[in-house]
Q: 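Got a structure for you, written out below as structure tokens; questions coming shortly.
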Amino acid sequence: MSELLFEKAGGIATITLNRPDSGNAFTTEMLAQWEQALRECIHDDAIRCVVLTGAGRIFCSGGDVKRMAANTAGGQQPWDRAKYLTDHVHRIPLTLMELDKPYLVAVNGAATGAGMDMALMGDLRFAAESARFAETYIKVGFVAGDGGAWMLPRLVGLPRALEMLWLGDFVSAAEAERIGLVNRTVPDDQLMAHTYSVAERLASGPTVGIRLMKRMVMQGLNSSFRDGLAFAASCVGVVSATEDHREATAAFAEKRKPVFRGK
């Protein structure tokens, strides 16, 4: 059975981490399949929204601790450990930087260590009530190697991020929602239905506007307000020429619901 499942339907692509017996811990094969799936999402115009989740009762336990111990015992050199991250694990966040389509994460269970970091990479995050989050690196004498130290302070603030990174304690789904770690917590049996309801709204929306809005937000995180306004003016010029913009204005005038074609 494949370590990662990739399905497409109705403009929505679903990526499912599929090693439930191992807590969906990463393997080199899984990471390669994950990157390949993301590349397809980037280039396939029929895909208008992407959903990530995990199989079984755990979302993702991150790196394989047993493999780490074996590597250390086997005398793996520091350069080799760093290269594994850059050549494999970091391919996921770097590829996601190229994805301007909505990327929704449905956290169906525990998200720990690099597994939590992978959840943080979602544009929107929804959590089952039974889900839990922990930056468990410190528990094995490690540091956050998959972007958590960069992303977490931007979501929950510096003091709370340091608390999670230094102590490695679990945060419940309800607490995660309270501190802004996830957008919404829902009953376990409603998680995927809720996630897909949002995905369907995005997939049936004005695609160019949605994608440009994501680009504007992401660029704004690392640019001045003046630069943000200049980019916004350019985006307005582009989106105003789309079929979906013309359809939306016509529907408004005719007092009907617009039908977007993603063009």
Side-chain angles (χ1 to χ4, degrees), residues 2-9 11-19 24-55 59-64 67 80-108 111-126 135 137 143-152 154-155 182-183 195 198-199 202-203 207-208 210-223 231 262:
S2 174
E3 295 187 353
L4 184 138
L5 305 179
F6 182 57
E7 303 169 287
K8 297 182 289 184
I12 301 169
T14 301
I15 299 172
T16 304
L17 309 181
N18 193 40
R19 296 186 70 221
N24 293 320
F26 306 153
T27 66
T28 303
E29 180 183 357
M30 176 194 283
L31 292 166
Q33 293 177 355
W34 197 344
E35 180 186 1
Q36 182 179 1
L38 290 174
R39 292 283 174 198
E40 185 167 343
C41 292
I42 291 169
H43 296 296
D44 186 348
D45 288 339
I47 297 174
R48 298 165 72 175
C49 186
V50 185
V51 172
L52 172 71
T53 193
F59 171 72
C60 183
S61 57
D64 190 328
R67 179 182 58 80
D80 295 323
R81 303 197 84 172
K83 195 172 186 300
Y84 183 81
L85 282 174
T86 57
D87 288 357
H88 301 286
V89 180
H90 291 175
R91 297 310 309 162
I92 305 307
L94 291 174
T95 303
L96 283 170
M97 291 179 68
E98 303 175 37
L99 179 69
D100 60 6
K101 301 171 184 179
Y103 184 60
L104 314 186
V105 178
V107 185
N108 55 295
T112 57
M116 174 174 167
D117 293 345
M118 290 297 192
L120 298 182
M121 295 171 197
D123 299 320
L124 303 178
R125 285 168 299 283
F126 305 113
E135 292 283 13
Y137 296 99
V143 296
D146 194 25
W150 190 92
M151 292 179 289
L152 195 56
R154 287 166 167 77
L155 291 172
V182 300
N183 293 79
T195 302
V198 177
L202 292 168
T207 301
V208 176
I210 289 171
R211 294 176 67 172
L212 286 177
M213 198 78 78
K214 180 172 177 177
R215 292 187 190 184
M216 291 168 64
V217 169
M218 294 306 176
Q219 176 168 307
L221 293 174
N222 298 292
S223 64
F231 186 50

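Excluded from the calculations below are hydrogen atoms, water molecules and symmetry mates; all remaining heavy atoms, backbone and side chain alike, are included. Keep in mind that this is a model prediction, so the values were computed, not measured.
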Q: Does either side chain, that of Q36 or that of E40, offer a donor lying less than 3.5 Å from an acceptor on the other one?
A: no
Q: Please confirm whether the backbone N or O of G147 pairs with a side-chain atom of H90, one donor and one acceptor, at under 3.5 Å?
A: no
Q: Looking at every non-hydrogen atom in both residues, tell me the closest pair between C60 and F26 and how far apart they are.
A: SG-CE2, 3.3 Å
Q: Identify the two heavy atoms, one from L4 and one from A37, that lie closest to each other, and give their separation to 0.1 Å.
A: CD2-CB, 4.4 Å
Q: How many angstroms lie between atom OG1 of T112 and atom OH of Y137, to the nearest 0.5 angstrom?
A: 9.0 Å
Q: Kindly compute the distance separating CH2 (W34) from CG (L96), expressed to the nearest 0.5 Å.
A: 8.0 Å
Q: Among L17, V105, V89, find the residue that satisfies the side-chain contact (heavy atoms from CB on, under 4.5 Å) test when tested with M118.
A: V89
Q: Got a second to check how far E7's CD is from T16's OG1, nearest 0.5 Å?
A: 6.0 Å
Q: Any donor and acceptor pair, going by atom type alone, linking the side chain of R48 with main-chain N or O of A203 inside 3.5 Å?
A: yes
Q: Would a 4.5 Å heavy-atom cut-off, applied to side chains only, mark V50 and I12 as touching?
A: no
Q: Do N24 side-chain atoms and A55 backbone N/O form a donor-acceptor pair below 3.5 Å?
A: yes
Q: So do the side chains of R211 and K101 get within less than 4.5 Å of each other, counting heavy atoms only?
A: yes
Q: Any side-chain heavy atom of D123 within less than 4.5 Å of one from Y103?
A: yes
Q: Without swapping roles, check the side chain of S2 against the backbone of L5 for a donor-acceptor pair under 3.5 Å.
A: no
Q: Is it the case that more than 12 heavy atoms not belonging to M216 sit under 6.0 Å from its CE atom?
A: yes
Q: Would a 4.5 Å heavy-atom cut-off, applied to side chains only, mark E135 and L120 as touching?
A: yes
Q: As an exercise, state the distance from CZ of R39 to OG1 of T95, rounded to the nearest 0.5 Å.
A: 4.0 Å
Q: For G63 and A114, work out which heavy atoms get closest and say how close.
A: N-CB, 4.2 Å
Q: Rounded to the nearest 0.5 Å, how far apart are CD1 of I47 and CD1 of I42?
A: 10.0 Å
Q: Any side-chain heavy atom of M116 within less than 4.5 Å of one from M151?
A: no
Q: With a 4.5 Å cut-off on side-chain heavy atoms, are L31 and T28 touching?
A: no
Q: Go through it in stages, so that I can follow the logic: the residues are M218 and D100, the test is side chain to side chain contact (heavy atoms under 4.5 Å, CB included), and I'd like the CA-CA distance, side-chain angles, deciding distance and then a yes or no.
A: CA-CA 9 Å; M218 294 306 176; D100 60 6; over 6 Å; no
Q: Is there a side-chain contact between I15 and L38, using heavy atoms and a 4.5 Å cut-off?
A: yes
Q: Where do R154 and L221 land on the side chain to side chain contact (heavy atoms under 4.5 Å, CB included) test, with the steps shown first?
A: CA-CA 10 Å; R154 287 166 167 77; L221 293 174; 5.9 Å; no
Q: Could you tell me whether the side chain of E35 and the main chain of R91 form a donor-acceptor pair under 3.5 Å?
A: no
Q: Answer whether the closest heavy-atom distance between the side chains of I210 and T207 falls below 4.5 Å.
A: no
Q: Checking R19 side chain against E3 main chain: does a donor-acceptor pair fall under 3.5 Å?
A: no
Q: Going by the side-chain contact (heavy atoms from CB on, under 4.5 Å) test, name the single residue among V51, L104, N183 that passes it with V198.
A: L104
Q: For F59 versus A119, what's the shortest heavy-atom pair and its separation?
A: CE2-CB, 3.8 Å
Q: On a heavy-atom basis, which atom in G262 and which in V208 lie closest, and how many Å separate them?
A: O-CG2, 4.3 Å
